[in-house]
Each structure stands twice: as structure tokens, then as C-alpha cells.
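Each chain gets a letter, A, B and so on, in the order the sequences are listed, and its residues count up from 1. What you see is a predicted model, and the numbers here were worked out from it, not measured in a lab.
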Amino acid sequence: MTEGEGIRVRFAPSPTGALHIGGARTALYNWLVARHSSGTFVLRIEDTDRERSTKENIEQIYDALRWLELDWDEGPYSQAERVDRHREEIKRLVDEGHAYFDEGAVRLRVPDEGSTTVHDVIRGEIVFEHQAIDDFVIARSDGSPLYNLAAAVDDRDMGITHVIRGADHISNTPRQLMILEALGSKAPVFAHLPLLHGTDGKKLSKRHGAASVQELRDQGYLPAAVRNYLALLGWGFDDSTEYFTTGELIRNFTLERVSKSPAVFDEQKLRWMNGRYLREMDAAELAELLERETGRSGLQPAVEVTQEKMQTTTDFWKLAGWLYERRPTDEKAWSKVMKDGAAENLARAREALANVEPFDQAGVEQALTALVDELDLKPGKLYQPIRVAITGSTVSPGIFESVALLGRDETLSRIDDALARAR
RNA sequence: GGGGGCGUGGUCUAGUGGUUAGGACGCCGGCCUUUCAAGCCGGAGGUCACGGGUUCGAUCCCCGUCGCCCCUACCA
């Protein structure tokens, strides 16, 4: 916990579009390492590809990181704005004979013999024979620097001690190491995270659909739940713990426990976990959040009766929307429930509810249970027709609270409509 | 083609030279119950990729094979 005073990590996304969960996880792991060791989390935008590095794309990254509450201590630095530094080092490499011009471009000289070893915290030592690596280009013929050079120089200049990034960079690492060596610089520690794959087994990318951070936000996930879930995609703590507050994540996260094999994003499990976070909030807090999202007010009573059923905040409207607007009746529900004397029972329920005083949950419950006794019915025979009449569906919160929340006038009116239709 | 990485139920993972291979999501069933969830209980599902070794004994150690993925760009 203390040896980390000097630890400096960076998240260095290239702004090619929305930040997807793979990038988000890389950011999270870097952030966790920094916070765990009281180190520094640097944000650097790798925008040397001018075509794709639009202002909007860059803004999306900030936006995603802010929503995830992954705050950076330094930056954001723009790699593009550092081209003078890159050019300086390219010139130096050429001047010192480490690199040479080839048809206008600059290539680094890679020795034919020997090897470069990557020391990876997660994977151990990885050896690359030089003969398998060509002299690679470090600057275009227009003089602009290429990724491997820019990344190596920036990591060095920014004092990065731990490079934590996706495993797709493993093969780039020996190249960056060779640049660093030619520059006479020390190598940072590397940690290559297992890639995230789509269900098709391929590296996760834009084309895998609902995988961007902003989509998760729009679908009603909580940042804390997303962080918890993402932490688990490629990292495990012990044989039974998987629910971690952010503080626990910071305390327990170590690179040594990161797994080596690729993982597949499973939205079902995220949904489950998000539901768990939702249920642990208190109703007032959740109501406030939903009021912010929907622009409505006074949602707490509705939240109290639906909270246990929600998995995402967007579920709220599906579950409670009938309280605020009449929903078209689900025909399957109607035909399933409105038979065998259901209309008569519903009519009796209407009578009973018309006289409930006060019209609250206890009053409704008393009236309805008394009626069930009187008619000698299975409770569902009475409650389901009411449910369908007022919500349009066989699925809703508890019937007593539902009726009480809807209020007498609206309840009776909806029952009347149902009765009219039933006859 | 060359180089590199990875391989534990459908998915995420724990694990050790000797375990009934543990947990979670999902799935199925039960309880609860006014529906659906939640919660609790139970169940199905794994030849620990395959084949050889080493060993009294391998999921775990070694070698090979296969599969998947990444890099092999004047992309990042």
C-alpha cells in the first residue's frame, strides 16, 4: 500500500468513437492501481490519427470516464500536441544511427540477432527473437510520428511506471522497448490485460453493438454496478466474493490476480448485479435519481413498490408507468383472466372499493380480503381481474399498494372501463 | 506464412501434486405468495482443450497437437 508513492499509470485511449467496455475496463484497472497505491492516474488521448480523432470522439471519452467516476490526476494530454517532442526524438534516433530513412519514412534498426524480453506482471516473461521483427516505421514520410514511437516517448516523458493496457499490445511491446533502449531510457513495468471478446469470440469492438459506456448509462445501469461488474471481467479475488464496494475494489485489486484468458461481456450478469445495487439504495435516493432521469417528481411511493423488481432504472417506467398513464391492455392477460365469473367478481370489488375509507393500502387490503372471504374465492380470482383492469397486465406490484397508489377515482374509472368491455 | 498470447460447465471466475474441482450469472424445480420479481432451498450442467510423458498419483509440472485470438500498416 505504501510502496506505491511513485506509481504512475496512464489510460491512453485513441478517440475512434464511443468508449466501449473494453476501454472502460482498462481505464478502471489503471485507476484502481493508482488509487490502491496512492499513485497518479494520467489521462492521455492518443490522437495522432487525425482522421478519426474528432472533437466529439474525445469528448465522449471524457464523458464516459466522468460518468464512471474515474477521475484522473493529470492530463488530459494530447499526443498530437506533442509532435515536436516526437520529432526531436526521431531526429535523435536518426542522428545516433538507431534509425534511418527509407523512401522518406523513418525506420528503427532492429538487430538481426538477439532478443527482447517483456516482463509482464500478469504473464511473466515473454521473449521475442529479433529476427522475427522487421525494421519498423517510426515516422511517416511527412515526418509525423507513428504510434509506437509516440507511445514510448510519451510514457517515458510522463514518468509512467506501469503500462497497463490490452493484450492486443503485447506484440507492440518489444518495439517500444527497443525505442526506449535506443533512447537510453528505462523500461516501465508492463501488464497486459486479457482482451474482452464479443459472443462471437472476436476482440470486442464497435461492431458488437450495445457495448459503449454511454449506452450502459442510457439503459439504466449504475456507475458503481458497472465498475463492480467490469472489475470482475478479468479479475477475481477469492472463491466467493464478487460484490465489492469501490473502496473494497481499491483495497483488494492487484494486477497479480488479473487473469490471462479473454472474457466475454455478459449483460445478463450485469443486469443482475445492477438490480442488486438498486435494491440496496434507499427509496428516497432512488426516487431522486429517477426523478432526475424522468423529469417527474413525487416518485418515491411508486419507487417503494417497484424497487425490488427493477434491474435497471429504465425498468421503473415499465413497472410503474401504468400509474401515470393508461396502458393498452395486454390481450393475452385479458383473455387469461377475464373469464369464469371474473366480471361479477370485479363488479363486487368495485362496490367494495367505492366505500373504502380512508383509501389507503390498509383500507384497500381490509376491504378486498373481506370480499375474498365473503365470496369464498381463491385470492387470485379476485385480484388478477383488478390487476388487469387497472394496469393492463397480469404483472404489477402488490395489488393493495397498486390500488391505493392509483387512488379511488382512477381505480374505479378503470374498473368501469373493464366492466364495460367485459359485458 | 512468420511471431506472440490464451485454453476450468453456456458465461464470469476460485483452486491445489492426492478436493465429491468451489462460487456467481443464466437455466430447471420447490418454498414463500394476490401476479411478477426479490429472498431462501434444491437440481441439471465439467472427460479442468486433446495426446503423450514425469510421478505411487495429475486440472495443476514437461513436451507435442489442436482450437481461438492478437501483432505482422507510412492505424492506434
Side-chain angles (χ1 to χ4, degrees), chain A residues 12-16 46-53 79 102-107 118 120 122-123 126-134 136-148 150-151 165-175 192 194-197 199-203 229 232-243 257 259-273 275-276 278-279 306-311 315 319 333 336-337 365 368-369 372 377-388 391 393-402:
Chain A
S14 53
T16 56
E46 311 229 313
D47 49 0
T48 52
D49 181 352
R50 312 311 268 276
E51 295 287 300
R52 296 187 285 179
S53 302
Q79 191 160 62
D102 174 33
E103 301 197 28
V106 180
R107 289 181 184 275
V118 175
D120 189 292
I122 297 167
R123 291 154 207 275
I126 309 168
V127 179
F128 293 84
E129 299 295 334
H130 291 335
Q131 58 180 15
I133 303 176
D134 296 328
F136 56 96
V137 178
I138 57 177
R140 298 183 181 91
S141 45
D142 67 1
S144 60
L146 254 14
Y147 170 71
N148 280 125
R165 69 216 317 189
D168 49 345
H169 286 290
I170 290 178
S171 303
N172 284 145
T173 307
R175 296 184 176 85
H192 287 98
L195 254 22
L196 258 31
H197 284 183
T199 37
D200 60 357
K202 295 254 199 317
K203 179 172 94 157
Y229 176 73
L232 259 21
L233 262 193
W235 174 81
F237 181 61
D238 60 18
D239 63 348
S240 57
T241 319
E242 60 176 4
Y243 188 80
R257 292 196 62 83
S259 68
K260 300 187 185 61
S261 49
V264 174
F265 173 66
D266 177 12
E267 187 166 0
Q268 293 228 71
K269 184 153 184 176
L270 207 211
R271 284 189 68 82
W272 165 80
M273 179 159 278
R276 197 174 153 171
L278 248 22
R279 264 170 266 124
T306 52
Q307 182 171 13
E308 60 186 8
K309 298 174 178 21
M310 279 185 247
Q311 287 195 306
D315 283 347
L319 258 14
K336 184 177 169 197
V337 163
E365 177 163 3
L368 257 22
T369 50
V372 165
L377 288 171
K378 281 181 65 178
K381 285 285 178 195
L382 183 66
Y383 300 159
Q384 284 302 75
I386 300 175
R387 196 185 305 278
V388 170
T391 73
S393 160
T394 52
V395 178
S396 86
I399 194 67
F400 310 131
E401 45 269 58
S402 291

Would you tabulate the pairs of protein nitrogen or oxygen atoms and nucleotide nitrogen or oxygen atoms of nucleotides 47-51 of chain B closer than 3.5 angstrom?
none

Kindly give the atom pairs (protein nitrogen or oxygen, nucleotide nitrogen or oxygen) under 3.5 Å for nucleotides 4-8 of chain B.
| unit_1 | atom_1 | unit_2 | atom_2 | d |
| --- | --- | --- | --- | --- |
| B:G5 | O2' | A:R123 | NH1 | 2.8 |

Could you pull out the protein-nucleic contacts involving nucleotides 72-76 of chain B (nitrogen or oxygen on both sides, under 3.5 Å)?
| unit_1 | atom_1 | unit_2 | atom_2 | d |
| --- | --- | --- | --- | --- |
| B:C74 | O2 | A:S141 | N | 2.9 |
| B:C74 | O2 | A:S141 | OG | 3.1 |
| B:C74 | N3 | A:S141 | OG | 3.2 |
| B:C74 | N4 | A:E103 | O | 2.9 |
| B:C75 | OP2 | A:R140 | NE | 2.6 |
| B:C75 | OP2 | A:R140 | NH2 | 3.1 |
| B:C75 | O2' | A:D49 | OD2 | 2.7 |
| B:C75 | O2' | A:R52 | NH2 | 2.9 |
| B:C75 | O2 | A:R52 | NH2 | 3.1 |
| B:A76 | OP1 | A:T48 | OG1 | 2.9 |
| B:A76 | OP1 | A:R140 | NH2 | 3.3 |
| B:A76 | OP2 | A:Y147 | N | 2.9 |
| B:A76 | O3' | A:E46 | O | 3.3 |
| B:A76 | O2' | A:S14 | OG | 2.7 |
| B:A76 | N6 | A:N172 | OD1 | 2.9 |
| B:A76 | N6 | A:N172 | ND2 | 3.2 |
| B:A76 | N1 | A:N172 | OD1 | 3.1 |

Under-3.5 Å N/O pairs linking protein and nucleotides 23-31 of chain B:
| unit_1 | atom_1 | unit_2 | atom_2 | d |
| --- | --- | --- | --- | --- |
| B:G23 | O4' | A:D239 | O | 3.3 |
| B:A24 | O4' | A:E242 | OE2 | 3.4 |
| B:A24 | O2' | A:E242 | OE1 | 3.3 |
| B:A24 | O2' | A:E242 | OE2 | 2.3 |
| B:A24 | O2' | A:K269 | NZ | 3.2 |
| B:A24 | N3 | A:K269 | NZ | 3.2 |
| B:C25 | O2' | A:K269 | N | 3.3 |

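For A:S396 and B:C36, the shortest distance from a side-chain N or O to OP1 or OP2 is not below 4.0 Å. For the pair A:R271 and B:C12, the criterion of a side-chain N or O lying under 4.0 Å from OP1 or OP2 is not met.
Judged by Watson-Crick or G-U wobble contacts below 3.5 Å, the nucleotide B:G64 has B:C50 as its partner. Pairing of B:C25, defined by two Watson-Crick or G-U wobble distances under 3.5 Å, is identified with B:G10. When Watson-Crick and G-U wobble pairs are counted only if both distances are under 3.5 Å, B:U34 pairs with no nucleotide at all. Nucleotide B:A73: unpaired (no Watson-Crick or G-U wobble partner with both distances less than 3.5 Å). Searching all strands for a Watson-Crick or G-U wobble partner of B:G18 with both distances below 3.5 Å returns B:C56.
For A:D102, the side chain to side chain donor-acceptor pair (under 3.5 Å) partners are A:R107, not counting sequence neighbours. For A:S259, the side-chain contact (heavy atoms from CB on, under 4.5 Å) partners are A:P194, not counting sequence neighbours. A search for salt bridge (Lys or Arg N to Asp or Glu O under 4.0 Å) contacts involving A:E365 returns nothing, not counting sequence neighbours. In this structure A:D142 satisfies the side-chain contact (heavy atoms from CB on, under 4.5 Å) test together with A:R140, A:S144, sequence neighbours excluded. With sequence neighbours excluded, the residues that form a salt bridge (Lys or Arg N to Asp or Glu O under 4.0 Å) with A:R271 are A:D315. By the side-chain contact (heavy atoms from CB on, under 4.5 Å) test, A:D266 pairs with A:Y229, A:Q268, A:K269, sequence neighbours left out. A:D238 meets the salt bridge (Lys or Arg N to Asp or Glu O under 4.0 Å) test with no other residue; sequence neighbours excluded. Applying the salt bridge (Lys or Arg N to Asp or Glu O under 4.0 Å) criterion to A:E401, with sequence neighbours excluded, gives no partner residue.
A:S259 comes within 4.0 angstrom of sugar-phosphate atoms only, judged by non-hydrogen atoms across all strands, and of no base. When heavy atoms are screened at a 4.0 angstrom cut-off, A:P397 is found touching base atoms of the nucleic acid. Here A:R257 lies in heavy-atom contact (under 4.0 Å) with sugar-phosphate atoms only.
Comparing A:Y229 and A:P379 along RNA chain B, the residue whose closest nucleotide (by nearest heavy atom) sits nearer the 5' end is A:Y229.
Side-chain proximity of A:H197 to the nucleotides B:C12, B:C36, B:C69 is greatest for B:C69.
Applying the side chain to side chain donor-acceptor pair (under 3.5 Å) test between A:Y147 and each of A:Q79, A:H169, A:R175 identifies A:H169 as the sole match.
Using P as the reference atom, B:G4 and B:G51 are 26 Å apart when rounded to the nearest Å. Going from the C1' atom of B:G42 to that of B:C6 covers 36 Å, rounded to whole Å.
Here A:I126 contributes atom CD1 and A:I170 contributes atom CD1; the two are 4.5 Å apart, rounded to the nearest 0.5 Å.
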